[in-house]
Chemist: 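Take a look at the following structure, please.
Protein chains get the first letters and strands the later ones, always in sequence-line order, with residue 1 at the start of each.
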2 protein chains.
Amino acid sequence: MSRTAPLMLNLSAADPRPITRQITDGIRRLIATGEIDVGAQLPSVRGLAKQLTVNPNTVAKAYSELNNEGWLDSRQGLGLFVAEPRQRFSDSERERRLAVAIDTFGAEVLGLGYTTDEILERLEVELSPLLDKRSA
Amino acid sequence: MSRTAPLMLNLSAADPRPITRQITDGIRRLIATGEIDVGAQLPSVRGLAKQLTVNPNTVAKAYSELNNEGWLDSRQGLGLFVAEPRQRFSDSERERRLAVAIDTFGAEVLGLGYTTDEILERLEVELSPLLDKRSA
DNA sequence: ATTGCTGTACTAATACATATAGTACAGTTA
DNA sequence: TAACTGTACTATATGTATTAGTACAGCAAT
């Protein structure tokens, strides 16, 4: 049975990201910040679907992606559990993804009128808690 | 008539962004970096469509967005021209967009294994040429 | 063993966003 | 008048996201 606490996760219709993406991003963040412990069990596919009032298929898809990326371990018949932190991508893939993220970010802040320094300052505040834990 | 130089702009099928977005992002960048001068005329809707081998409607849509955001000025029957730099969004809208961009960026670099400092260093290099001109 | 939970794997239907195709019209200039 | 400009439509095809429903195999407790 193994009851599981609800995830501190909210979906927003205003958010332009698709539901699946909102779920994967949210869970990655919870893991990275340590709000979910390594080894902890996640809500079941059907349970989280009910909590978020979305289709179980949508949750299953999100879980499947996180499993493929190595954030979660699946144990058949048992459930999904937060995996040990590990190297998730090849060096070239890491580099490629960072470059894409920076390009995209640049395109989005272009024309907002902020200076580079203003933006870097904000980024440091926001990124530190995400990246400077050993579960990320 | 007013011939116009081709834009240094390439579309990529590998790029996940829709074509319209690739065009708007690309032109914003060209303007911000000063590769297109303020007051310069842009290629015609049909001309750029031919250059990029996309539908004229797609270019028109991209131009229309840039016009609405104040990057371009439209003169009926004449063409589209790079507008004078100006405040393009309200303060709250600027702040909202920056927050969204930072959130998105954080979600994308999460789990890549970079430290905050490594990322900030890379960002400074990439953002400076985009943001520290007076056409941005 | 049965019951009830777990993840996983399908098919089908619907809605939405994107891009293309084609046509049309008003303003500008040579 | 002719040849350009931007702009505004309708229609169509395609891909993605989501929902709905069904099914099956693994695990644990009664």
Chemist: With sequence neighbours excluded, give me every salt bridge (charged side-chain N to carboxylate O under 4.0 Å, His left out) pair touching residues 70-80 of chain B.
Modeler: Asp73(B)-Arg86(B)
Chemist: Hey, what bend do you get for the helix from dA1(C)-dT30(D) to dA30(C)-dT1(D) if you fit axes on five pairs at each end, rounded to 10°?
Modeler: 10°
Chemist: Would you mind reading off the distance between Asp73(A) atom CG and dT6(C) atom P, rounded to a whole angstrom?
Modeler: 18 Å
Chemist: On DNA chain C, compare the nucleotides closest to Gly47(A) and Gly77(B); which residue's is nearer the 5' end?
Modeler: Gly47(A)
Chemist: Gln41(A) has an atom CD; how far is it from atom P of dC27(D), in whole Å?
Modeler: 14 Å
Chemist: Quick one: salt bridge (charged side-chain N to carboxylate O under 4.0 Å, His left out) partners of Asp91(A), sequence neighbours excluded?
Modeler: Arg94(A)
Chemist: Quick one: Asn68(A) CG to dA9(C) C1', roughly how many Å, whole number?
Modeler: 14 Å
Chemist: Tell me which donor-acceptor pairs under 3.5 Å the side chains of residues 107-118 of chain A have, and how far apart each pair is, sequence neighbours excluded?
Modeler:
{"unit_1": "Tyr114(A)", "atom_1": "OH", "unit_2": "Glu95(B)", "atom_2": "N", "d": "3.3"}
{"unit_1": "Thr115(A)", "atom_1": "OG1", "unit_2": "Glu118(A)", "atom_2": "N", "d": "3.1"}
{"unit_1": "Thr115(A)", "atom_1": "OG1", "unit_2": "Glu118(A)", "atom_2": "OE1", "d": "3.4"}
{"unit_1": "Thr116(A)", "atom_1": "OG1", "unit_2": "Asp132(B)", "atom_2": "OD1", "d": "3.2"}
{"unit_1": "Thr116(A)", "atom_1": "OG1", "unit_2": "Asp132(B)", "atom_2": "OD2", "d": "3.4"}
{"unit_1": "Glu118(A)", "atom_1": "OE1", "unit_2": "Thr115(A)", "atom_2": "N", "d": "2.8"}

Chemist: Rounded to the Å, how far apart are Arg75(B) CZ and dC4(D) P?
Modeler: 20 Å
Chemist: Rounding to an integer number of Å, can you tell me how far Gln76(A) CD sits from dG26(D) C1'?
Modeler: 5 Å
Chemist: Is a donor on one side and an acceptor on the other found under 3.5 Å between the side chain of Gln41(A) and the backbone of Leu78(A)?
Modeler: yes
Chemist: From the options dT8(C), dA28(D), dG7(C), select the nucleotide whose nearest atom is closest to the side chain of Leu78(A).
Modeler: dA28(D)
Chemist: Just grab all the ring pair (Phe, Tyr, Trp, His ring centres under 6.0 Å) pairs involving residues 13-53 of chain B, residues at least two apart or on different chains.
Modeler: none
Chemist: How does each nucleotide of nucleotides 16-23 of chain C score, in 5' to 3' order, for protein heavy atoms under 4.0 Å: base (B), sugar-phosphate only (S), or none (-)?
Modeler: --SSBBB-
Chemist: Using the salt bridge (charged side-chain N to carboxylate O under 4.0 Å, His left out) criterion, which residues pair with Arg97(A)? Sequence neighbours excluded.
Modeler: Glu93(A)
Chemist: What is the distance from CZ of Phe81(A) to C1' of dG7(C), rounded to the nearest Å?
Modeler: 11 Å
Chemist: Does any non-hydrogen side-chain atom of Leu123(B) lie less than 4.5 Å from one of Glu124(A)?
Modeler: no
Chemist: Quick one: side-chain hydrogen bond (donor to acceptor under 3.5 Å, both in side chains) partners of Arg17(B), sequence neighbours excluded?
Modeler: Asp15(B), Asp25(B)
Chemist: Measure CD/Glu65(B) against C1'/dA8(D) and give the value in whole Å, please.
Modeler: 16 Å
Chemist: With a 4.0 Å cutoff (strictly under), does any side-chain N or O of Ser74(A) reach OP1 or OP2 of dG7(C)?
Modeler: no
Chemist: Can you run down the salt bridge (charged side-chain N to carboxylate O under 4.0 Å, His left out) pairs that involve residues 50-70 of chain A, sequence neighbours left out, and say none if there aren't any?
Modeler: Arg28(A)-Glu69(A)
Chemist: Take atom CG of Leu80(B) and atom P of dC4(D), then tell me their distance rounded to the nearest Å.
Modeler: 18 Å
